[in-house]
K.L.:
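Please see the structure below; I have some questions.
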Amino acid sequence: MAEITKSYEAKDVETKWYAAWQEAKCFAGRAAPGQETYTIVIPPPNVTGILHMGHVLNNTLQDALIRRARLEGKAACWIPGTDHAGIATQTMVEKHLKKSEGKGRRDLGREEFLKRVWSWRDEKGDMILQQLRELGCSCDWDRTHFTMDPGYSKAVLTSFVKLFDGGHIYRGKRMVNWCPVSLTALSDEEVEMRPTKGFIYRLRYELVEPATTTDAEGNVIPLTHLILETTRPETIAADVAVAVHPDDPRYQHLVGKRVWRPLGERVQIPIIADIAVDPAFAAGALKVTPAHDKVDYEIGQRHSLPIIDALNADGTLNEFAGPELAGMDRFAGRKKAAEILEASGALIEAKPYENNVGYSQRAGVPIEPRLTQQWWLKYPRVEEAKQVVRDGLIQMHPERWTKVYLNWLDNIQDWCISRQLWWGHRIPVWYAKGIDREQLTEADLRDPTKIHVSLEGPVDPENWTQEDDVLDTWASSWLWPFATLGWPNAEEQAKAGFSQFYPTTTLATGADIIFFWVARMIMAGLEFTGGDDGQGGMTNDECRMTNGATTADPKHSALGIRHSSLSREELARRIPFKHVYFNGIVRDKQGRKMSKTLGNSPDPLDLIAKYGADGLRFGILQIAPLGQDVKFDEDRIEGGKNFCNKLWNACRFRQMSGPMSDNTSLAAILARVDASKLDDDDHALLAALIDTMRTVERGFTEFEFAGATQRLYSFFWNDFCDWYVEVAKARVQDPSVKDHALAVQDLVIREFLLMFEPFAPFITEELWSLLGYVGGTTSVSSSGGPDGAGPSLFLQDTRIETADGLVAALAASGAHVDAAASGRVDKLKQFATLARQLKADQLVAQKRDVKFLALGHHADWLALEKAVSKLTRLVGAVDISRTTEELALPATVTPFGTLYLDTGIKVDPAAERTRLTKELDAITKHIAGTESRLGNVAFTSKAPPAVLDGAKKQLADQQAKRDELTRLLKAL
RNA sequence: GGACUCAUAGCUCAGUUGGUUAGAGCACCUGCUUCACACGCAGGGGGUCACUGGUUCGAGUCCAGUUGAGUCCACCA
C-alpha cells in the first residue's frame, strides 16, 4: 500500500480519479428492474457560458445529492447539457463578428450566419461542461443534451404543433416589449423595471376653441390651453388625443373639444374621456400615444383612435416624429423635442424626475412598447400546475417559494413565444405564398389553405414561405426534464429509461428562474407526458371543455379556468420533478450579485487550482444555508482546503500508527473490534459518529447542507482528531489493545469517508484506496446494487450505512454503544483544558516535565486514575498523581476536585490571588442567578422535573467549586 | 401598492420542538516546529442576540409593532 504524503496535493488526485471514474462508467444512469431511481436534470448552462460561482454552488449541490443517492444504492442519473440561449448566444456571436470581420448578421444572411453560430458552438460549447468535470460533477456524460440537437429540436417543434392543434397558440398584433438593441420582442419576464432618472416635461397644449373655467373664488376666467405632463416629448408627434378622467370636474366641459398638437405637423387632436386616467396624478390629463404605450394603446382601442408609429425598430425616430427629429436616436430626440417645445413656448417646465422604466434584461437598455405581429401561447395546465404544488406532489424547499409560484400562476398572462432572431428553433409555420401576413384573421390561422403547421413542413414547399421568427429559448428549455429522456419518440424514451427516470427526483436551481423555467416546466410536464399513450396531451373530455379557447386578449385568457380531470395518480406521473431546491444567489462581501461586469466573481478554476475541487465544494456548501443567499468569502474556501488536509493527515497518521488490516468491508473491520475492550472514549466517539450520521441523513432529506457539512467538520476535527486520536496514542502503544484501537479508527474513518464523499469526492476516493477500503464486496447492510454484490472498485460503488444500520451492525458484533460515556469523557476534556490553562497561566505551557497533583474525593481519583496515562500525554506532564493534603501551589478547580501544578518554581501569591478571585467572582455571579431561579416558586412549581433537577445539580456543582476556590484563596 | 427574507463576536455564519454560563471558522493576542498535520497544536480576549412591547416560571428562539438591509410581483403619463 502506498505511503501517504505529508500534505494533500489535489491536482493529480483529481485528474487521476476523474479519468478512472469515467473509464469505469461510474456515472452511467442505469436502473435494474425495480431499483429505486434518483434523477436530476441539470439546469442547462448557456452553451457559450463559462463557469461562475453560481454554477459552482448549484452543481456542487446536485453532485452531492446524486452521489449520496448512489451510495444509498439508488440508480442515480444526472443528465447534463447546455442551452442554446437564443439572444445571449446570437448577441455574442454578432459582437464577435462585428469585431473580427466588421460585419453584421444581415451582411452574411441567415444561413451563413447560422453556420457561424454553429461553429462557435462547436468550438466553445463544451467548455462549461469540461469545467464541471473539474469540479467533480458526476453527470452521465453519455446523456449530454443540447437544446438545438436534432432530437431535442424535434421535441420543441412537436410541442409547438401539439399546442397549436390544441388551440393554445395564436398569432396577433399587439403591444410587446421590444428590445431596440436585440431587435426582438421579449416576454414580460425578460423585462426588468429599474428606477431611472430623467425629466418630466410640463407642457401647454393650446385649445383649438378657447373655453372658460372658474377659479377658486368662482370667477369665470378664460382658458386657452390644457396643461399636461410627459416624460417622453419625442413621441408627441405620434399623439392622437388628450385624455382626461370622465368625472374630473376641471376638464369635464372640455371633453369633445380639441387641442393643437404642439410638435410635428400642426394638427388638431380630440380631448377624450377615459377611466384609465388618474385625475390625481400629475396634471390629470394624459397625452395619448397608442403606438408607444400599453395604456395609451388600450385607450386608443376603446376610442377607435388612429395609430401613429414614430419609432423605428432600432429605437431611432422616423419621419412621423417630425422632420427635426427624424433619424435621431430616441434619447437624443427627447432632448431635441424639449428644445423645440421650449422655443415654441409650449414647454412650461422640465423637472428632474425618477420613474420606473422597463429594461431589457439581456441588453440593459430601456425597452419600447411596440405594436407587432407575434405568436402567443395560452399556457396549458395552469390549474393542474397549481394543484400539484398545493397538494404537495411537488415540494419546494424552502417552502415559502410556493406562495410566489402560486401568485404568479394566479396572475398569469399569455406568453409571447416568438423572437425576431435567427438563432433558435424556427417556428414550424408556413404561410401560403401571396397572402398578406398582416391581414390574417384568427379564422385564417385555422385554414389549411392559408397556414400550414406541422413538423415536416408542407409537401409542396414551393407554394409556401416559412415563418421567419424563432421560438423563445424558454419555449425549448421548458421541455428539458422529458425531452432529455427521449420524448416524444417512444423508442428513444425506452432507450433512455424514461419510465424509470421520470418524474425526476430533485430540481436544484436558483429562485430567479422560478417563472422562466420552473413553473413552465411543471406546466409542460403536465401537458406533454403521461396519458395512456405516454405522450401526454389532453383527454377527450378536456378537448371538449377547451373548445374554441383562443382569446384575443392576453389579460383575460386565463379566466376560462379549466378544472383538472386528471387523477392524483396521473398528476404524479406527469410532474417533471418531486422536489425543487432553490439554492441562494452567490454574492460578494458587499452583498452585490456576482457578475462579469462588476468583476467581483472569482474564477472557479483559479479557486480549484488554489484550494482543490474538494476544498471549493466543501467550502461553498458550508456557507450555503437553506434558501438564503450566500455571501462569498474566500476564507471559507481556504477552510475547506485546510479541512481536506486535516483529513489527509489523520489518515496518514493512521497509516503510520500500525499495519493496515482487512478494511474491505464493514464486517471485516467489525471483526477486529473487540467489544470487551471498548472504553469510554470508544463509546463517546461511536456515539458522536452515529449522531453525525443522523445529522447528515437529515441534511440530505431536508436540504440542510450547511448543517451537515458543519457537523462533519466538527466531528472529524474535534471529536476524532483533537480528542480521540490524541487519547488513542497511548492505547496504540499498548500491544494488548492496539489492534482494537486501530480497528475503531478504521471503522470511523470508513464511515466518515462514505459520508464525506458526496461533498469531497476526490480526496475521499484517494484515501479509500490508500487505506485499503477498496475491493471487498458491498457492505453488510446493503441489499446489493444494480449489478449485485460484486466487488467494489470505488468508494462510490459501496453502500453507505444508515445510522440505524450501523447501530445494528455494532450490536450484532456485541458492541452496544454506551450513551453515558460521552458525559464522562466530557468531564475528562474539561479536566484537560483546565490543566493546560493552569500551565499557560503559569507560563509553562510548552514545558512537558511538570507534575500535577490532584486533591479530591476517592471516587474522583478513581475516575481520573483510569485516564491518567492519556491525560499526562494530553496535557504535557510527566505525572498526575494523587495528594491528600492541601498544597501551597497554583491550583484550579476541576470536575474531579482541585488540581495543583508543581513547576518547581515558587508561587507568586499576589498573582494567584488575582487569578482565583476572578474565577470566584464569575462563579459567584452564576450561583446568584441559579439561586434566584430556584428560589422562584413559579419556576419550581411549573418547570419540568428534568429542568429543575438540572438546575439543582448545577447549583450544587457551582457551590462546590465556589467553596473550593474560597478555601484556596484563604490558603494563600 | 402587494408578497417575502434577513438583522447574533471585527468579518462570514450556526443556534433543532422556548430550558444550565449563546457557539464555529476567519481575524486578533500569547505560547509552541511536541515523533499526523504551521493547511498545524495549546491557551486567551471579544456579543445588552437591531429596537420596543407582549405571551411565559423562563425568550436569541413564539406574537405584535418600530427601524434598517435586501428580494420578488404590480406600476401613472
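Numbers restart at 1 for each chain; the letters A, B, ... are given by sequence-line order, proteins then strands. This structure is a prediction, so every number in the text was calculated from the model and none was measured. These numbers come from the heavy atoms of this one structure, side chains and all, not from hydrogens, waters or symmetry mates.
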K.L.:
Could you work out which one of B:C73, B:C76, B:C13 sits closest to the side chain of A:K631?
P.N.:
B:C13
K.L.:
Please step through salt bridge (Lys or Arg N to Asp or Glu O under 4.0 Å) for the pair A:E368 and A:R330, ending with a clear verdict.
P.N.:
CA-CA 10 Å; A:E368 283 296 334; A:R330 52 192 166 147; 2.8 Å; yes
K.L.:
Between A:F720 and A:F752, is the ring centroid distance below 6.0 Å?
P.N.:
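Not close enough - the centres of the two rings lie 6.0 Å or further apart.
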K.L.:
Identify whether any heavy atom of A:K641 sits under 4.0 Å from a base atom; if not, whether one sits that close to sugar-phosphate; answer base, sugar-phosphate or nothing.
P.N.:
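Base contact - A:K641 has a heavy atom under 4.0 Å of at least one base atom.
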K.L.:
Pick base, sugar-phosphate or nothing for A:Y353, based on heavy-atom distances below 4.0 Å to the nucleic acid.
P.N.:
sugar-phosphate
K.L.:
Using Watson-Crick or G-U wobble geometry with both distances below 3.5 Å, tell me the partner of B:U5, or none.
P.N.:
B:A69
K.L.:
From B:C76, B:A36, B:C4, pick the nucleotide closest to the side chain of A:D278?
P.N.:
B:C76
K.L.:
Mind checking if A:F632 touches a base, just sugar-phosphate, or nothing, with heavy atoms under 4.0 Å?
P.N.:
nothing
K.L.:
Of all the nucleotides listed (B:U21, B:A36, B:U71), which has the minimum atom distance to the side chain of A:V725?
P.N.:
B:A36
K.L.:
Describe the nucleic acid contact of A:R652 in one word from base, sugar-phosphate, nothing, applying a heavy-atom distance below 4.0 Å.
P.N.:
sugar-phosphate
K.L.:
Taking the side chain of A:N356 as heavy atoms from C-beta outward, which of B:C75, B:U12, B:A77 is closest to it?
P.N.:
B:C75
K.L.:
Give A:K610 one of three labels, base, sugar-phosphate or nothing, depending on what nucleic acid heavy atoms sit under 4.0 Å from its own.
P.N.:
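Here A:K610 touches no strand at all.
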K.L.:
Please determine, by modelled atom types, if A:E229 and A:Y353 share a side-chain donor-acceptor pair under 3.5 angstrom.
P.N.:
no
K.L.:
Taking a pair as Watson-Crick or G-U wobble with both distances under 3.5 Å, which nucleotide is matched to B:G23?
P.N.:
B:C13
K.L.:
Starting the side chain at C-beta, find the nucleotide from B:C39, B:A14, B:C4 nearest to A:Q710.
P.N.:
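Nearest to the side-chain atoms of A:Q710, counting from C-beta on, is B:A14.
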K.L.:
Name the closest nucleotide to the A:Q958 side chain, picking from B:U21, B:G19, B:A36.
P.N.:
B:U21
K.L.:
Nearest of B:C39, B:A36, B:A77 to any side-chain atom of A:F653?
P.N.:
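Nearest listed nucleotide: B:A36.
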K.L.:
A:Q733 CD to B:C35 P: how many Å, rounded?
P.N.:
14 Å
K.L.:
For A:N718 and B:G25, what is the distance between atoms CG and C1' respectively, to the nearest whole Å?
P.N.:
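So the two atoms are 11 Å apart, to the nearest Å.
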K.L.:
Taking the six-membered ring for Trp and the single ring otherwise, decide whether the centroids of A:H397 and A:Y581 are under 6.0 Å apart.
P.N.:
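Ring-ring flag for A:H397/A:Y581: false, centres at least 6.0 Å apart.
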K.L.:
Can we call the ring centroids of A:F515 and A:Y405 under 6.0 Å apart?
P.N.:
no
K.L.:
Side chain of A:C721 only, please: which of B:A36, B:U71, B:C39 is the nearest?
P.N.:
B:A36
K.L.:
Report, one pair per line, the protein and nucleotides 42-48 of chain B atoms (nitrogen or oxygen only) whose separation is under 3.5 Å.
P.N.:
from	atom 1	to	atom 2	distance (Å)
B:G44	OP1	A:Q837	NE2	2.4

K.L.:
Looking at every strand, decide which applies to A:N355 at a 4.0 Å heavy-atom threshold: base, sugar-phosphate, or nothing.
P.N.:
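Since only primed, P, OP1 and OP2 atoms lie under 4.0 Å of A:N355, the category is sugar-phosphate.
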K.L.:
With no hydrogens and no angle check, do the side chains of A:H303 and A:D274 hold a donor and an acceptor under 3.5 Å apart?
P.N.:
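Checked: A:H303/A:D274 side chains pair up, N/O donor to acceptor below 3.5 Å.
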K.L.:
Between A:D293 (CG) and B:C76 (P), how many Å, whole number?
P.N.:
7 Å
K.L.:
Could you tell me how the ring of A:F643 sits relative to the ring of A:W717: parallel (under 30°), tilted (30 to 60°) or perpendicular (over 60°)?
P.N.:
parallel
K.L.:
Could you tell me whether A:N936 contacts a base, only the sugar-phosphate backbone, or nothing, with contacts defined as non-hydrogen atoms closer than 4.0 Å?
P.N.:
sugar-phosphate
K.L.:
Quick test of your reading of the model: are A:D719 and A:R711 salt-bridged, counting only N-O distances below 4.0 Å?
P.N.:
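Salt bridge flag = yes for A:R711 with A:D719.
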K.L.:
Classify the nucleic acid contact of A:K646 as base, sugar-phosphate or nothing, counting any heavy atom under 4.0 Å across all strands shown.
P.N.:
base
K.L.:
Measure the acute angle between the ring planes of A:F759 and A:F705, then classify it against the limits of 30° and 60° as parallel, tilted or perpendicular.
P.N.:
perpendicular
K.L.:
Determine the interatomic distance between P on B:G47 and the same-named atom on B:A24; round to the nearest Å.
P.N.:
15 Å
K.L.:
Atom CZ of A:R636 and atom P of B:A27: how far apart are they, to the nearest Å?
P.N.:
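Atom-to-atom, A:R636 to B:A27, this comes out as 12 Å.
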K.L.:
Base, sugar-phosphate, or nothing for A:D635, non-hydrogen atoms under 4.0 angstrom?
P.N.:
sugar-phosphate
K.L.:
Taking for each residue the nucleotide of RNA chain B bearing the nearest heavy atom, is the 5' side occupied by A:A282 or by A:V191?
P.N.:
A:V191
K.L.:
Is A:E634 touching bases, backbone alone, or none of the nucleic acid, heavy atoms closer than 4.0 Å?
P.N.:
nothing
K.L.:
Heavy-atom nearest nucleotide on RNA chain B for A:E9 versus A:K287: which residue maps closer to 5'?
P.N.:
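The residue mapped nearer the 5' terminus is A:E9.
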K.L.:
At under 4.0 Å between heavy atoms, what does A:K6 touch on the DNA or RNA strands: base, sugar-phosphate, or nothing?
P.N.:
sugar-phosphate
K.L.:
When you measure from the side-chain N and O atoms of A:N649 to the phosphate of B:C39, is any distance below 4.0 Å, counting only OP1 and OP2?
P.N.:
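So the side chain of A:N649 is outside the cut-off, no N or O lying under 4.0 Å from OP1 or OP2 of B:C39.
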K.L.:
Looking across every strand, which nucleic acid part, if any, lies under 4.0 Å from A:V875 by heavy atom: base, sugar-phosphate, or nothing?
P.N.:
nothing
K.L.:
Could you tell me the separation between the CG atom of A:L712 and the P atom of B:A14, rounded to a whole number of Å?
P.N.:
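To the nearest whole Å, that distance equals 17 Å.
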K.L.:
In terms of side-chain heavy atoms of A:L286, which of B:A77, B:C73, B:C57 is nearest?
P.N.:
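Looking only at heavy atoms from C-beta outward on A:L286, the closest nucleotide is B:A77.
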K.L.:
Please assess A:N642 against A:Y611 for the test side-chain hydrogen bond (donor to acceptor under 3.5 Å, both in side chains), listing each intermediate value before the final yes or no.
P.N.:
CA-CA 8 Å; A:N642 293 350; A:Y611 305 111; over 6 Å; no
K.L.:
Establish, with yes or no, whether the OP1 or OP2 oxygen of B:C41 is under 4.0 angstrom from a side-chain nitrogen or oxygen of A:W717.
P.N.:
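Yes, such a contact exists.
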K.L.:
Between A:E354 and A:R194, is the closest basic N to carboxylate O distance under 4.0 Å?
P.N.:
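The answer is no: the pair does not qualify as a salt bridge.
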K.L.:
Quickly work out the A:D629 CG to B:A7 P distance and round it to whole Å.
P.N.:
13 Å
K.L.:
Return the stacking result for B:C76 and A:F281: yes when the ring centres lie under 5.5 Å apart and the planes under 30°, no otherwise.
P.N.:
yes
K.L.:
Between B:G2 atom P and A:N411 atom CG, what is the distance in whole Å?
P.N.:
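Checked: the CG to P distance equals 15 Å.
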K.L.:
Once you round it to whole Å, what is the distance between P of B:A14 and CD of A:E704?
P.N.:
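From A:E704 CD to B:A14 P: 10 Å.
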K.L.:
For A:A951, report the nucleic acid contact type (base, sugar-phosphate, nothing); a contact means any heavy atom under 4.0 Å.
P.N.:
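The answer is nothing, as A:A951 stays clear of every strand by at least 4.0 Å.
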